[in-house]
Amino acid sequence: MRGASWATVALGLAGMVAVPASGQEIELGGQIRPRFEYRNPTSAGTRDAFTSMRIRASLAAELDGGVNVFVQLQDVRLFGEEEHTLLDFSADGLDLHQGYLEVVAPIDETLRVRVGREELNLGGQRLVGAVGWSQPGRSFDGARVAAGAGSAGVQLFGYRLQQATSTNHDHDAIFAGAYGDIDLSGATFEPYGLYNNRRSDEPTSQGTVGARVHGERSNIRYRAEGSYQFGRRAGSNVTAFMLGARLGTTLAGGLASVTLWYDYLSGDNDPNDGTSKVFDTLFATNHKFYGFADLFLDIPLHTGGLGLQDLALKGSIRPWDPFTASLAIHSFRTAAQGSLTTRRLGEEIDVTLAHRYSTNLRVSGGLAYVFQGAGLSELGRLDRDMVWTYLMLDVTF
């Protein structure tokens, strides 16, 4: 696949659409998303400016007998990374992002079995998400079964994260779980249980159980979620938890909104006592939760195993229909202090502007400013205030 050219892929997809077989419904789709970013300082203490781009091409087919097929190829690159403008034709950034077959039960369309490579978004993506902001995005290899009955539904899935017989890994690793949703007349209750296992010299066999509830009453939107982790992680016992709550409302006839939230991810004051008390966010889309500057993408790593507290206020306004302006203010603290002199990590202000230029094109830009706290400095994450900005074009069809 990585040796293929985009011309070959395009011709192949076009050929499949040109002569569809009887009983087939075929749809092509795609995305082109260049994004410029500037960051000062970077993790190395320098400044950096670059442009990345994601290109996706997809084919969805509905076949006879309730069989569906979806194939999505993508190329992710940095402007100027090719070795030569004429002679580099390796297509080393081209890969299969999603590719699966799905069988829909003929007697009950809520029963679906999917096998292959796919994105997975569970709930608000606090623990499992496709990380749409990331140019490569996340996808899993495995199988998923979805079923429903009345006002309730459930998803069962199992994915292979690492395969020891492959050339890239020495150990096996899996991720599996169940995620439910129950309509409670005005609110949705989502219980879940997740399990990740990795066989190695310091094995992991960790469970995560929890629930999420969200709904709206009298123009007040609310969300709350709690998770508890147990088992073994990298050879240590695990006892950790996460709590999160949101409360928001719309204003000015729906043209504006404001949301207050608080997140608590437990941390560990003593990493050498044989029990890990720091919460692991697994495969979350942390970009949408803990600041657009992306200082906390990998928890527990990015907070030194001390967990995280995030008190935030978010607001948005649509002054006229094609434009939306958003503001988020975060105050970050660690949950445990450990050897730090203070729990204060810092504060972050995020400002974004988005313009729907047309049905298919969205233009957005943003600025994040991080006020560095002593905690970030002592963790070796940031030695001064940081600024990050971006400008992005997003065409989908």
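Predicted model only: the values in this text are computed from it and were never measured.
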A.B. asks: Y38 and F36: aromatic ring centres closer than 6.0 Å?
C.D. replies: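 No: the rings miss the under 6.0 Å criterion.
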A.B. asks: For L265, run the side-chain contact (heavy atoms from CB on, under 4.5 Å) check against T303, L306, L243, T281 and tell me which one passes.
C.D. replies: T281
A.B. asks: If only side-chain N and O atoms count, and only distance matters, is there a donor-acceptor pair under 3.5 Å linking Q206 with R232?
C.D. replies: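 R232 vs Q206: no donor-acceptor pair found between side chains.
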A.B. asks: Any donor-acceptor pair under 3.5 Å linking the side-chain atoms of D394 with those of S364?
C.D. replies: no
A.B. asks: To the nearest 0.5 Å, what is the distance between CG on L127 and CG on L282?
C.D. replies: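 With rounding to 0.5 Å, CG (L127) is 5.5 Å from CG (L282).
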A.B. asks: Before we go on, tell me: are the rings of F70 and Y100 under 6.0 Å apart, centre to centre?
C.D. replies: yes
A.B. asks: Give a yes or no on whether a salt bridge exists between R381 and E378, defined as a side-chain N under 4.0 angstrom from a carboxylate O.
C.D. replies: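 Looking at R381 and E378, the cut-off is not met.
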A.B. asks: Are Y390 and W133 close enough that their ring centers fall under 6.0 Å?
C.D. replies: yes
A.B. asks: Could you tell me if the side chain of F189 sits less than 4.5 Å from the side chain of D183, heavy atoms only?
C.D. replies: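 No, their side chains stay 4.5 Å or more apart.
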A.B. asks: Classify the side-chain pair E119/H97 by whether it contains a donor and acceptor separated by less than 3.5 Å.
C.D. replies: yes
A.B. asks: Under a plain distance cut-off of 3.5 Å, with no hydrogens placed, do D48 and T42 share a side-chain donor-acceptor pair?
C.D. replies: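 On atom types as modelled, these side chains do not qualify, holding no pair under 3.5 Å.
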A.B. asks: Any ion pair linking R47 and E37 (charged N to carboxylate O, less than 4.0 Å)?
C.D. replies: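 R47 and E37: not salt-bridged.
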A.B. asks: Do R144 and E118 meet the salt-bridge criterion of a basic N to acidic O distance under 4.0 Å?
C.D. replies: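 Yes, this pair counts.
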A.B. asks: Hey, would you say the F50 and F79 ring centroids sit under 6.0 Å apart?
C.D. replies: no
A.B. asks: Does a side-chain heavy-atom distance below 4.5 Å link I299 with F279?
C.D. replies: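 The answer is no, as the side chains (C-beta and beyond) never meet within the 4.5 Å cut-off.
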A.B. asks: Rounded to the nearest 0.5 Å, what separation is found between the CG atom of D280 and the CG atom of L301?
C.D. replies: 10.5 Å
A.B. asks: Examine R126 relative to F289 and say whether NZ or CZ is less than 6.0 Å from the centre of the six-membered ring and inside a 45° cone about the ring axis.
C.D. replies: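 Yes - R126 lies over the ring of F289, closer than 6.0 Å to its centre and within 45° of its axis.
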A.B. asks: For F175 and F283, I'd like to know if the aromatic rings sit close, meaning centre-to-centre distance below 6.0 Å.
C.D. replies: yes
A.B. asks: Could you check whether R233 and T204, counting side-chain N and O atoms only, form a donor-acceptor pair closer than 3.5 Å?
C.D. replies: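 R233 and T204 do not have a side-chain donor-acceptor pair below 3.5 Å.
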A.B. asks: Indicate whether the side chain of S331 and that of R333 have a donor and an acceptor atom separated by less than 3.5 Å.
C.D. replies: yes
A.B. asks: Mind checking whether Y264 and Y262 have parallel, tilted or perpendicular rings, split at 30° and 60°?
C.D. replies: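 The arrangement is tilted - the two ring planes meet at 30° to 60°.
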A.B. asks: Relative to the ring of Y179, is the ring of Y192 parallel (under 30°), tilted (30 to 60°) or perpendicular (over 60°)?
C.D. replies: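 Y192 vs Y179 ring planes: parallel.
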A.B. asks: How far apart are the C-alpha atoms of F296 and Y290, what are their side-chain angles, what is the distance that settles it, and do they pass the ring pair (Phe, Tyr, Trp, His ring centres under 6.0 Å) test?
C.D. replies: CA-CA 6 Å; F296 308 109; Y290 309 123; 7.3 Å; no
A.B. asks: Any side-chain heavy atom of V145 sitting closer than 4.5 Å to one from L111?
C.D. replies: yes
A.B. asks: Give a yes or no on this: more than 12 heavy atoms of other residues, nucleotides or ligands lie within 6.0 Å of atom CZ of R356.
C.D. replies: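 For R356, atom CZ is crowded (more than 12 foreign heavy atoms under 6.0 Å).
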A.B. asks: With a 4.5 Å cut-off on side-chain heavy atoms, are D172 and R198 touching?
C.D. replies: no
A.B. asks: Looking only at the side chains, is there a donor atom on one of N360 and S358 sitting less than 3.5 Å from an acceptor on the other?
C.D. replies: no
A.B. asks: Under 4.5 Å between any side-chain heavy atoms of R199 and N197, yes or no?
C.D. replies: yes
A.B. asks: Taking Y369 as the starting point, is it possible to reach L327 by hopping between hydrophobic residues whose side chains are less than 4.5 Å apart?
C.D. replies: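 They do share one cluster, since a chain of ILVMFWY contacts under 4.5 Å joins L327 to Y369.
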A.B. asks: State plainly whether the residues E216 and R221 are in salt-bridge range, i.e. N to O under 4.0 Å.
C.D. replies: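 Looking at E216 and R221, the cut-off is not met.
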A.B. asks: In terms of ring plane angle, is the pair Y357 and H355 parallel, tilted or perpendicular, where the classes change at 30° and 60°?
C.D. replies: perpendicular
A.B. asks: Quick check: H287 with F292 (ring centres under 6.0 Å apart)?
C.D. replies: yes
A.B. asks: Is there side-chain contact between R246 and D263, with at least one heavy-atom pair below 4.5 Å?
C.D. replies: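 Yes. Closest side-chain heavy atoms under 4.5 Å.
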A.B. asks: Under 3.5 Å, is there a donor-acceptor pair between the R35 and S52 side chains?
C.D. replies: no
